[in-house]
Enquirer: 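I'd like to ask you about the structure that follows.
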2 protein chains.
Amino acid sequence: MRARPVQSMEPTASLATVAADAGVSVATVSRIVNGKNGRASAETVARVEEVIARLGYRPNPVGRALKRRASRVVAMLSPNLDNPAMAAIAVSTEAALRDAGYVMILCDTHDRAELQDDYLRAMRGQYVAGYVMVGALRSRGLEEAIGRGDPMVFVARHNPLGGGAYVGIDNRAAGADAADFLLAQGIDRPAVLMAAQNASSTAERAEGFIARLVARGVPDEAIRRASVPGLSHVEVGYAAASSLVREGDWPRGLFCVSDMIAYGAYRLACESGVRVPQDCMLVGVDGNAINAWIAPWLTSIRVPYENFGRHVVDQLRSLWGGAATAEIRVPHGSLTS
Amino acid sequence: MRARPVQSMEPTASLATVAADAGVSVATVSRIVNGKNGRASAETVARVEEVIARLGYRPNPVGRALKRRASRVVAMLSPNLDNPAMAAIAVSTEAALRDAGYVMILCDTHDRAELQDDYLRAMRGQYVAGYVMVGALRSRGLEEAIGRGDPMVFVARHNPLGGGAYVGIDNRAAGADAADFLLAQGIDRPAVLMAAQNASSTAERAEGFIARLVARGVPDEAIRRASVPGLSHVEVGYAAASSLVREGDWPRGLFCVSDMIAYGAYRLACESGVRVPQDCMLVGVDGNAINAWIAPWLTSIRVPYENFGRHVVDQLRSLWGGAATAEIRVPHGSLTS
DNA sequence: CTGAAAGCGCTTACAG
DNA sequence: CTGAAAGCGCTTACAG
């Protein structure tokens with residue numbers, strides 16, 4: 001004797017199943033499912049909806065995507081989830097997309113242009129509804145996608161080709177805040193550590209920092225700065241701090257354009273017997289959640305990444321609606337440690 | 001005068017385009033694309049391949065998925081990317097899937113069964129090739145998916161329903177290693193901190209720790225332990241440590257079943273003026289990359305998450321090949337700080 | 001060795 | 001108000 005299959009194991013209902021059960025055509029069911037029933041009798045609608053509910057019908061996204069040449073999938077291209085800030089962006093974007101009825105394919109580009117292009121091409125084949133570019137690189141594929149007008153929002157790092165929908169903080173203002181803060185601590189000659197690579201946003205932070213310092217009377221040539229190449233910000237921080245102190249004393253205050261850079265500088269400070277923040281105050285940007293637990297010595301400008309996802313989806317909606325691209329500047333927090 | 005469209009902006013070639021250009025049927029092109037050309041003349045193959053190369057044809061994954069009822073998309077369901085260990089699993093899995101020709105949809109379940117089920121259902125509609133369950137929860141949808149025989153591999157946390165393909169370390173052995181290490185440091189009464197929730201793997205670590213201690217002569221009742229509920233391991237660590245020291249002194253050694261729990265305990269130690277590791281040695285599990293930079297006070301059992309992705313893909317391949325499910329126990333590292 | 005045809009699940013003019 | 005039909009891009013028996 002065979003066990004009766006449980007209801008849940010029955011194959012998913014299709015439009016055809018529903019249509020047959022309701023005694024109407026698939027066209028009619030399709031219209032009702034899509035809310036295009038300005039032209040469907042009330043009885044028909046009721047009957048079809050009953051069948052849909054009873055059978056637990058859900059439109060198949062693949063069939064739909066093929067016909068519409070558009071899916072409910074959004075691609076996120078991100079350079080590295082190892083950075084808690086990038087992870088936070090991914091998390092909030094995933095949640096916001098889900099609330100909007102989309103799912104997210106995660107593409108880790110490792111900050112490599114060829115990988116970015118491979119993914120851009122592959123995602124196009126998936127008929128993705130849009131692209132969330134976290135830290136985009138200049139590349140052939142990017143140019144093509146933009147030329148095509150594919151919906152694309154840039155997060156944290158600007159479109160390397162200029163223009164485009166953007167979500168991020170006001171980096172220059174954040175840098176200026178860091179300058180004000182350090183000055184207010186009585187540190188009149190703070191230095192700055194930055195990454196030399198792929199860094200529109202972090203470069204802006206450094207610029208804002210320096211500009212504010214200069215505006216407040218610090219001679220430009222008195223502002224020590226170190227910039228080293230590299231993709232890992234912790235390593236960049238360590239190396240940049242090394243290069244900075246190789247040419248002089250430890251500064252009493254150090255603006256690090258990201259928390260990861262600050263972590264790197266911190267390690268060198270520890271190795272050098274420099275106490276943080278007593279001997280050298282470290283100011284970062286990101287406000288990683290982990291700081292409160294294990295990096296109380298760090299003062300950081302909090303970036304509300306948990307809100308980025310919402311704004312990213314807003315941007316995508318504008319693009320889908322045909323609106324012109326715009327920038328969304330999310331307000332950053334004050335400095336906290 | 002209109003600008004000539006650049007080649008890259010031409011719509012993607014389809015099977016039909018290729019077939020027309022090569023003067024053969026789509027069926028023939030399809031067979032060649034799929035390597036089923038045991039029965040295709042050498043000339044035909046050459047001609048078709050030339051056209052494919054010239055037109056840059058790439059099979060459309062959506063059309064293919066619809067027909068095959070199977071896509072090249074794999075779903076990863078993960079409870080929280082905020083945890084660096086989870087992020088590391090996502091990163092390595094994404095890379096391994098990509099190398100195998102798959103893309104990954106990231107589904108953040110927030111450790112909630114309804115969300116897990118929503119995603120399971122949605123992903124089924126996408127005809128995903130398989131599921132990577134990081135920290136699966138017991139749920140109706142999970143039962144159904146397993147009943148259906150959907151390819152599913154469990155990572156870090158076992159299948160709550162028992163059985164199934166698994167990738168993880170030997171948690172009991174890791175706990176035992178922590179016990180040996182603390183004993184070797186001359187700490188004869190170490191305590192243990194754990195999470196009370198959704199924690200097959202972390203519970204195993206605690207068991208292994210306690211069992212080894214007992215085996216080495218520590219009376220079971222002398223082993224202090226604290227277990228508190230909660231999803232955030234940092235908060236769990238803080239609360240568990242609080243509850244532990246509320247009933248006695250700070251122990252000289254504390255085994256924390258995850259690095260995040262150790263971070264939480266660390267904060268309480270700092271607040272209590274307890275020095276780590278001088279007064280209290282903290283041993284964690286995960287070996288987060290960040291430790292080397294900002295948590296040198298932590299000794300941790302390194303879990304090679306960067307290899308998990310490879311094993312996950314191996315597991316999926318076995319399942320696709322119809323093999324029986326098995327467990328892969330990735331060797332964990334020795335204790336490092 | 002190759003092609004015509006059916007069909008995966010859906011949408012949408014078009015006709016009635 | 002509703003349905004038959006075409007077609008999105010692909011695969012695969014089936015026939016030849």
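Chain letters run A, B, ... following the sequence lines, proteins first and then strands; every chain starts at 1.
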Enquirer: Measuring from the side chain of A:Leu15 (C-beta onward, heavy atoms only), which nucleotide among C:dC10, D:dC8, C:dG9 has the closest atom?
Expert: C:dC10
Enquirer: Identify all stems in which DNA chain C takes part, counting only runs of at least 3 consecutive pairs (Watson-Crick or G-U wobble, each distance under 3.5 Å), and give each as one range with another, ordered by first number.
Expert: C:1-3 with D:14-16, C:5-12 with D:5-12, C:14-16 with D:1-3
Enquirer: Determine whether a donor-acceptor pair (N or O, by modelled atom type, separation under 3.5 Å) exists between the side chain of B:Ser92 and the backbone of B:Asn307.
Expert: no
Enquirer: Charged N to carboxylate O below 4.0 Å: is that the case for A:Arg47 and A:Glu43?
Expert: no
Enquirer: When all nucleic acid strands are considered with a 4.0 Å heavy-atom cut-off, which category describes B:Ser14: base, sugar-phosphate, or nothing?
Expert: sugar-phosphate
Enquirer: Please figure out whether A:Val62 or B:Arg47 has its closest DNA chain C nucleotide nearer the 5' end.
Expert: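 That would be B:Arg47.
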Enquirer: Please state how far atom CZ in A:Arg124 lies from atom P in D:dG9, giving the value in whole angstrom units.
Expert: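 In whole Å, D:dG9 P and A:Arg124 CZ are 11 Å from each other.
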Enquirer: Counting only non-hydrogen atoms, which of residues 21-29 of chain B are less than 4.0 Å from DNA chain D?
Expert: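 Close to the strand are B:Ala27.
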Enquirer: Please determine, for the side chain of B:Lys67, which listed nucleotide (D:dG9, C:dC10, D:dA4) has the closest atom?
Expert: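 Nearest nucleotide to the side chain: D:dG9.
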Enquirer: Can you name the closest pair of heavy atoms from B:Thr109 and B:Gln116 and give their distance?
Expert: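 It is CG2-CA, 4.0 Å.
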Enquirer: Is NZ or CZ of B:Arg98 both nearer than 6.0 Å to the six-membered ring centre of A:Tyr119 and within 45° of the ring axis?
Expert: yes
Enquirer: Among the nucleotides D:dC8, D:dT2, D:dT11, which one has an atom lying closest to any side-chain atom of A:Leu66?
Expert: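 Looking only at heavy atoms from C-beta outward on A:Leu66, the closest nucleotide is D:dC8.
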Enquirer: Of B:Thr93, B:Asp99, B:Leu97, which is the lone residue that meets side chain to side chain contact (heavy atoms under 4.5 Å, CB included) with B:Val313?
Expert: B:Leu97
Enquirer: What I'd like to find out is whether the side chain of B:Leu15 reaches to under 4.5 Å of the side chain of B:Ser30, using heavy atoms alone.
Expert: yes
Enquirer: Quick one: is D:dC10 close enough that its OP1 or OP2 comes under 4.0 Å of any side-chain N or O from B:Tyr127?
Expert: no
Enquirer: Under 4.5 Å between any side-chain heavy atoms of B:Leu120 and B:Arg124, yes or no?
Expert: no
Enquirer: If the cut-off is 4.0 Å, is B:Arg68 near the phosphate of D:dC10, judged by side-chain N/O to OP1 or OP2?
Expert: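 Negative; the distance criterion is not met.
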Enquirer: Looking at C:dC8, C:dC10, D:dC10, which one has an atom nearest to any side-chain atom of A:Pro59?
Expert: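 Nearest to the side-chain atoms of A:Pro59, counting from C-beta on, is C:dC10.
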Enquirer: So, the side chain of A:Asp21 versus the backbone of A:Val51: is there a donor-acceptor pair under 3.5 Å, distance only?
Expert: no
Enquirer: So does B:Ser30 get a side-chain nitrogen or oxygen closer than 4.0 Å to the phosphate oxygens (OP1/OP2) of D:dC10?
Expert: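 No.
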Enquirer: Less than 3.5 Å between a donor and an acceptor, one on the side chain of A:Arg31 and one on the base of D:dG3, is that the case here?
Expert: yes
Enquirer: Check whether any side-chain nitrogen or oxygen of B:Asn34 sits under 4.0 Å from OP1 or OP2 of D:dT11, and answer yes or no.
Expert: yes
Enquirer: Think A:Lys36 has a side-chain N or O under 4.0 angstrom from the OP1 or OP2 of C:dT11?
Expert: no
Enquirer: Which whole-number value in Å describes the distance from A:Arg64 CZ to D:dC10 C1'?
Expert: 20 Å
Enquirer: Of the nucleotides D:dC8, C:dT11, C:dC1, which has the atom closest to the B:Thr44 side chain?
Expert: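 The answer is C:dC1, which lies nearest to the side chain.
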Enquirer: Between C:dA4 and D:dG7, how many Å separate the two P atoms, rounded to a whole number?
Expert: 16 Å
Enquirer: From D:dC10, C:dT12, D:dC8, pick the nucleotide closest to the side chain of A:Arg69?
Expert: D:dC8
Enquirer: I need the CG-P distance between B:Asn60 and C:dC8, as an integer number of Å.
Expert: 18 Å
Enquirer: State the CZ-CG distance between B:Arg138 and B:Asn159, to the nearest 0.5 angstrom.
Expert: 8.5 Å
Enquirer: From the options D:dT2, C:dT12, D:dG3, select the nucleotide whose nearest atom is closest to the side chain of A:Ser41.
Expert: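 Looking only at heavy atoms from C-beta outward on A:Ser41, the closest nucleotide is D:dT2.
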Enquirer: Per the salt bridge (charged side-chain N to carboxylate O under 4.0 Å, His left out) rule, what does the pair list look like for residues 306-321 of chain B, sequence neighbours excluded?
Expert: B:Arg302-B:Glu306
